[in-house]
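To start, the structure itself, in structure tokens.
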Amino acid sequence: MAIHHLQTSLDDAAVLQLQAGDEVYLSGVIYMARDAAHKRFVDTLNAGQTLPVDLRGQVVFYGGPGPAKPGHAIGVVAPTSAYRMDPYATVLFDYGVRGAIGKGPRGAAIRSACQQNRAVCFSAIGGISATLFACIRSAEIIAYEDLKTEAVQRLVIEDFPLLVTNDAHGRDMYAEEVEKYRALLNKA
């Protein structure tokens with residue numbers, strides 16, 4: 001497992017160097033959007049219309065913000081269970097999204113979409129919301145304001161800590177780790 005310091009947006013070279021299980025410290029711009037925004041994204045694309053933000057080459061964070069405290073750009077953020085975005089993520093990867101951040105495992109269609117589109121899925125650890133919050137330098141609602149906490153936000157981040165869970169080579173960190181521990185238990 002390697003450690004990478006990456007800057008958004010992501011290109012082929014950045015994505016193809018990553019392997020399931022690698023640590024990544026991501027800096028630059030990411031877009032926070034959850035279920036309702038993803039549904040609108042896909043509905044918009046399916047209707048042949050333009051998205052309110054060009055997500056090609058970008059990273060989408062499945063997160064939910066808490067209320068901003070005085071002097072802070074945003075409230076504490078927590079990653080959302082990534083599988084909830086699986087019905088939408090394949091369409092967005094086909095569109096050109098290069099990375100997605102959530103928590104937990106993804107389905108087989110996501111592994112295939114990452115491989116076909118040279119994309120990557122990251123996991124943010126659910127219990128470190130305060131650490132994630134400290135990495136956010138600015139936050140701005142840029143689309144779907146009517147969705148309130150599910151509005152699309154443009155976040156500027158610095159050294160946002162992540163793990164590569166699904167790489168562009170078809171590997172899945174969660175599946176590999178489960179098999180590794182299963183083998184250890186069978187030896188006992």
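Atom set for the values below is all heavy atoms of this structure, side chains included, hydrogens, waters and symmetry mates excluded.
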Exercise for the section: Please examine the side chains of I101 and L26, heavy atoms only from C-beta on, and report whether any two atoms are closer than 4.5 Å. Expected result: yes
Completion exercise
Note: D167 and Q19 closest approach over all heavy atoms is OD2-CA, 3.4 Å
Practice task
May I ask you to check whether F61 and F160 place their ring centers less than 6.0 Å from one another?
Solution key: yes
Handout entry: Non-hydrogen side-chain atoms of F122 and T165 separated by less than 4.5 Å
Key = no
Problem - Taking every non-hydrogen atom, the tightest pair across Q58 and Y31 - result: OE1-CE1, 3.7 Å
Problem - Residue pair A20 / M173: nearest heavy atoms and the distance that separates them - result: CB-N, 3.7 Å
For residues 2-9, run the donor-acceptor check on the side chains, cut-off 3.5 Å, and write out each pair with its distance to 0.1 Å, sequence neighbours left out.
{"residue": "H4", "atom": "NE2", "partner": "D22", "partner atom": "OD2", "Å": "2.9"}
{"residue": "T8", "atom": "OG1", "partner": "V29", "partner atom": "N", "Å": "2.7"}
{"residue": "T8", "atom": "OG1", "partner": "V29", "partner atom": "O", "Å": "2.9"}

In a table with atom names and distances, give each donor-acceptor pair under 3.5 Å that connects a side chain of residues 147-154 to protein atoms at least two apart or in another chain.
{"residue": "E150", "atom": "OE1", "partner": "D35", "partner atom": "N", "Å": "3.4"}
{"residue": "E150", "atom": "OE1", "partner": "A36", "partner atom": "N", "Å": "2.8"}

Problem - C114 and C121, any side-chain heavy atoms less than 4.5 Å apart - result: yes
Exercise for the section: Enter the distance from S112:OG to R106:CZ here, rounded to the nearest 0.5 Å. Expected result: 13.0 Å
Exercise for the section: Determine yes or no for a side-chain-to-main-chain donor-acceptor pair under 3.5 angstrom, with R98 supplying the side chain and V120 the backbone. Expected result: no
Practice task
For the residue pair T80 and M85, establish whether any side-chain heavy-atom pair is separated by less than 4.5 Å.
Solution key: yes
Problem - Trace of the side-chain contact (heavy atoms from CB on, under 4.5 Å) decision for C135 with E158 - result: CA-CA 5 Å; C135 297; E158 185 177 340; 5.5 Å; no
Exercise for the section: First locate atom CG of D146, then atom CD1 of I141, and finally report the distance between them rounded to the nearest 0.5 Å. Expected result: 10.5 Å
Exercise for the section: Kindly check if the number of other-residue, nucleotide or ligand heavy atoms within 6.0 Å of CZ (R171) is above 12? Expected result: yes
Exercise for the section: Tell me whether M32 is reachable from V24 by hopping between hydrophobic residues (I, L, V, M, F, W, Y) whose side-chain heavy atoms are closer than 4.5 Å. Expected result: yes
Handout entry: Nearest heavy-atom neighbours spanning F93 and A119
Key = CD2-CB, 3.6 Å
Problem - Whether Y88 and H38 hold their rings parallel, tilted or perpendicular, with breakpoints at 30° and 60° - result: tilted
Fill in the blank from the handout: So CG of L18 and CG of L10: to nearest 0.5 Å the spacing works out to 7.5 Å
Problem - Over 12 non-hydrogen atoms of neighbours within 6.0 angstrom of OH in Y83 - result: no
Problem - Common cluster, Y95/Y144, ILVMFWY with side-chain heavy-atom separation under 4.5 Å - result: yes
Problem - Transitive ILVMFWY side-chain link V97 to I142, under 4.5 Å - result: yes
Handout entry: Close side-chain approach of T44 and T50, heavy atoms under 4.5 Å
Key = no
Exercise for the section: Determine, using the 4.5 Å side-chain heavy-atom cutoff (strictly less than), whether L51 and V60 are members of one ILVMFWY cluster. Expected result: yes
Problem - Distance in Å, E140 CD paired with L155 CG, rounded so as to fall on 0.5 Å steps - result: 10.0 Å
Exercise for the section: Answer yes or no on whether R84 is positioned over the face of Y62, meaning its NZ or CZ is under 6.0 Å from the six-membered ring centre and within 45° of the axis. Expected result: no
Problem - L16 side chain near H169 side chain, heavy-atom distance below 4.5 Å - result: yes
Problem - Shared hydrophobic cluster for L162 and Y25 (ILVMFWY, side-chain gaps under 4.5 Å) - result: no
Practice task
Identify the heavy atoms of T90 and A109 that sit nearest to each other, and give their distance.
Solution key: CG2-O, 3.8 Å
Practice task
Using a 4.5 Å cut-off on heavy atoms from C-beta on, say whether the side chain of D172 contacts that of I110.
Solution key: no
Problem - Over all atoms of both residues, closest heavy-atom pair of D86 and G107 - result: OD2-N, 3.0 Å
